[in-house]
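Below is one structure, written out as structure tokens, with a few remarks after it.
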Amino acid sequence: IRLVSPKQRFANAVARQGELWRLLQVLERPDPTTEGAAPGTFDLATTQSNEQCHRRGWAVLESLASSTAIALSLGNTCGWLELLGILVGYSKFTKRLLARQGAAKTLSRLLWDPQAGAQVAPRLNNFLPPALAIILKDEGYESLLRTFDNDAETPELIWNGEMRGELRTALAEQLDICLQARDKGKAGDFYQLPAGYDVRYKKLADELCVCGIYVRLFLKEPKFKLRDPGGFLEMVMQRWTRELEILTIETDDAPQPVGGSAALTTAKQDVLQLVTSASVFLCKVHPPLCDKLSAWGYMQVALELMARALQKDMTGTPMISTIRLVHVAATRRTNVEALSLLGLPNGQNGVIDLLMQGIGGDPLNKDSAFILEAMKNIYKDALGQVHMAPKWDTSMHMTPVTPTESAPPPEEPMEVYNEDHMNEAAAIVPEQVPIEAPSDNNNEGYIAADYPAQHPDPLSAEPQPLDPLSAGPENSAVHNGHDTAQTVPPTEEEEPAALLPDAPAPPPPKTSPLATVGSGIDARTAPDEHVVAQQNTTTFPGAPGSAHGRVALLNAALSCNLPLFLVAHVLDNPSLPSVTDPAAVKVHAVELLKLLSTDPGYGLKFRLVLDGIPGWARYKNQDHSLFITGAKQKADYFLTDGNSGPKKLLTQG
């Protein structure tokens with residue numbers, strides 16, 4: 001058999017006749033000399049002979065399992081179940097290590113088979129936790145046996161002795177049915193698990209498992225190295241969307257459970273908090289994954305669900321869950337660009353409008369500090385490096401701002417000469433005549449040199465050099481007692497004079513604008529600030545590194561009257577002391593308003609709007625950065641211990 005087992009024709013014949021169960025029956029049979037025998041009653045030579053026979057038998061099975069026909073035969077019959085029984089220690093099968101290793105190797109081959117793997121993998125997951133099946137396929141039989149025999153509690157695997165016992169009990173029920181069918185002569189028949197069959201482990205009854213990851217344990221150890229963090233984020237976001245749809249969309253139409261809708265809502269809120277925290281942690285630990293939120297369309301989904309929650313006055317967990325996603329998404333440019341495109345042109349139903357509605361005002365939402373921080377993060381990324389951009393001074397002249405190093409001196413403009421003129425000048429004027437520099441008086445010109453007054457005949461065989469500065473009574477004039485040379489334009493018979501390359505041009509005369517009498521406005525009239533502010537919005541671009549959606553977000557702030565809202569309805573709100581962390585509310589609101597005022601194009605417009613709000617004068621020149629000093633205040637209290645209630649998010653299960 002060892003010689004013919006690698007042959008494809010032999011494997012096909014065994015699979016076609018359905019006789020593979022005979023080999024399995026021999027391999028799974030307990031060894032009477034070692035298993036079940038009294039100590040000291042077995043013979044060493046016999047034991048070694050049986051060991052060698054079993055080793056050869058498992059080698060034959062592994063060789064046959066490399067064939068797709070045998071792999072499909074094991075998957076369609078109860079062969080894969082018998083191999084699993086040998087691996088986990090079914091009471092009626094052998095428990096020797098060699099048999100467990102052989103069974104694990106054969107199952108691993110089945111998982112790697114392109115056709116049989118699609119059948120065997122889900123059936124194994126009906127018995128084993130998903131992580132064990134993945135370890136069997138990716139890491140091999142040795143790693144599987146080591147993990148199976150030890151306890152574990154990680155985000156990917158929860159496993160202990162109690163669960164091993166539950167697995168053996170559930171597996172024994174199905175194997176007993178298979179062995180009874182074999183005794184009745186039905187060995188090799190098609191076998192299928194009952195519909196909906198799955199091993200229910202008591203320890204996993206209260207665990208939320210998404211994509212094979214236990215969310216509770218992941219939140220305890222978010223930096224755990226996951227096998228597939230991208231797949232986990234995708235499945236978590238699908239679960240997040242589903243939970244929010246159940247709470248905000250299907251609540252009115254869904255049938256009420258026996259225990260009432262309150263119990264269902266509470267349970268769904270707990271699940272929603274877990275999946276929201278998991279998605280936030282994934283985006284924080286793996287920043288490139290955060291870019292996928294906009295690529296998958298979850299920015300639009302988040303705003304739609306946020307609007308739905310506001311319509312139903314669900315300003316607690318449903319609304320905050322959407323804002324938490326926006327908060328972490330605002331740290332990536334691709335998500336900010338996607339947010340800027342959402343909503344109407346006037347800002348309605350956009351991200352700024354919905355965040356303002358989430359803050360409320362009568363009274364303020366208890367999580368207003370967190371909502372304001374999310375809004376500030378959006379503008380902080382969209383406006384770019386405003387500290388490196390030029391800004392307006394009080395006289396509305398642009399002054400460059402360079403906080404780190406001084407600006408380099410402006411380069412002198414290079415004088416560009418026509419090459420033909422330079423060559424012509426070099427050929428016509430063999431030596432330069434020194435010319436006196438012009439004086440400070442604007443009415444003085446150049447002093448003419450002594451050149452022949454008569455112009456040479458243009459048709460002469462020997463042309464004489466021409467000088468554009470030739471003096472004479474017809475080419476000079478006297479103004480205010482000073483001699484000023486004037487250049488006579490050449491006639492049709494004369495060649496145009498060539499300018500010397502090193503002769504500077506005369507300075508322009510000093511002039512001053514005159515007022516237009518009777519018009520009511522002249523050149524010295526200061527422009528209207530509001531007109532200049534409006535012109536700046538279209539004239540000056542954004543700061544270095546600003547987003548393409550910067551203009552849309554700034555226009556949304558103006559359309560929604562964000563400055564007045566933050567000053568009158570947030571900073572001066574009487575309910576401010578009752579929110580979570582009132583100091584952080586002031587810090588984020590003031591920093592956001594000052595940030596908007598520093599934009600190169602829209603900054604002046606925001607400053608004019610703020611100057612028209614009476615209450616802004618109390619905050620304009622104050623520094624609120626010292627209000628946030630503690631580590632707890634600077635952290636995301638949804639991910640730590642910021643909830644004021646007795647229930648803490650990370651301990652919910």
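Worth saying up front: this structure is predicted, and the values here are computed from it rather than measured.
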Determine whether a donor-acceptor pair (N or O, by modelled atom type, separation under 3.5 Å) exists between the side chain of Arg333 and the backbone of Asp381. yes
Can you tell me if Thr538 uses its side chain to pair, donor with acceptor, with the backbone of Gln535 under 3.5 Å? yes
Hey, are Glu304 and Arg308 close enough for a salt bridge, meaning a charged N less than 4.0 Å from a carboxylate O? no
Would you call Glu153-Lys220 a salt bridge at under 4.0 Å N-O? no
Val326 and Ile378, any side-chain heavy atoms less than 4.5 Å apart: yes
Checking Thr315, Ile359, Ile323 against Asn365 for side chain to side chain contact (heavy atoms under 4.5 Å, CB included), the one that qualifies is Thr315
Does anything in residues 208-246 form a ring-ring contact (aromatic ring centres under 6.0 Å, His included)? List the pairs, not counting sequence neighbours. Phe218-Phe232
Exercise: do Thr334 and Asp291 side chains pair donor with acceptor under 3.5 Å: yes
Leu132 and side chain to side chain contact (heavy atoms under 4.5 Å, CB included): which single residue from Leu124, Leu167, Asn125, Leu157 fits? Leu157
Under a 3.5 Å distance rule, please check whether Asp599 uses its side chain to pair with a backbone N or O of Tyr602 as donor and acceptor. yes
How about Tyr619 and Asp572: does a side-chain donor come under 3.5 Å of a side-chain acceptor? yes
Apply side chain to side chain contact (heavy atoms under 4.5 Å, CB included) to Val301 and Leu244, showing your working. CA-CA 10 Å; Val301 172; Leu244 271 172; over 6 Å; no
Donor-acceptor pair, Arg164 side chain versus Phe148 backbone, under 3.5 Å? yes
If you look at every heavy atom in Asn573 and Gly361, which pair is closest and at what distance? ND2-O, 2.6 Å
Does any N or O in the side chain of Arg216 come within less than 3.5 Å of the main-chain N or O of Leu208, such that one atom is a donor and the other an acceptor? no
So does Lys366 get a backbone contact from the side chain of Thr580, meaning a donor-acceptor N/O pair under 3.5 Å? yes
Between Thr248 (side chain) and Ala309 (backbone), is there a donor-acceptor pair under 3.5 Å? no
Hey, is NZ on Lys292 packed in by over 12 heavy atoms from elsewhere, all under 6.0 Å? no
Using modelled atom types only, decide if a donor and an acceptor are shared between the side chain of Glu243 and the backbone of Val275 within a distance under 3.5 Å. no
Under 4.0 Å between a side-chain nitrogen and a carboxylate oxygen: does that hold for Glu162 and Lys202? no
Give a yes or no on whether the backbone of Gly549 and the side-chain of Glu337 come within a donor-acceptor separation of less than 3.5 Å. yes
Heavy-atom count check: over 12 atoms from other residues, nucleotides or ligands less than 6.0 Å from Asn150 CG? yes
Side chain proximity check, Glu221 to Thr154, heavy atoms < 4.5 angstrom: no
Provide the closest heavy-atom pair for Gln174 versus Tyr197 in the form atom of the first, atom of the second, distance. NE2-CE1, 3.6 Å
Please check this pair: side chain of Asp353 against backbone of Asn349, looking for a donor-acceptor N/O pair closer than 3.5 Å. yes
Between Ser277 and Arg324, do the side chains contain a donor N or O and an acceptor N or O under 3.5 Å apart? yes
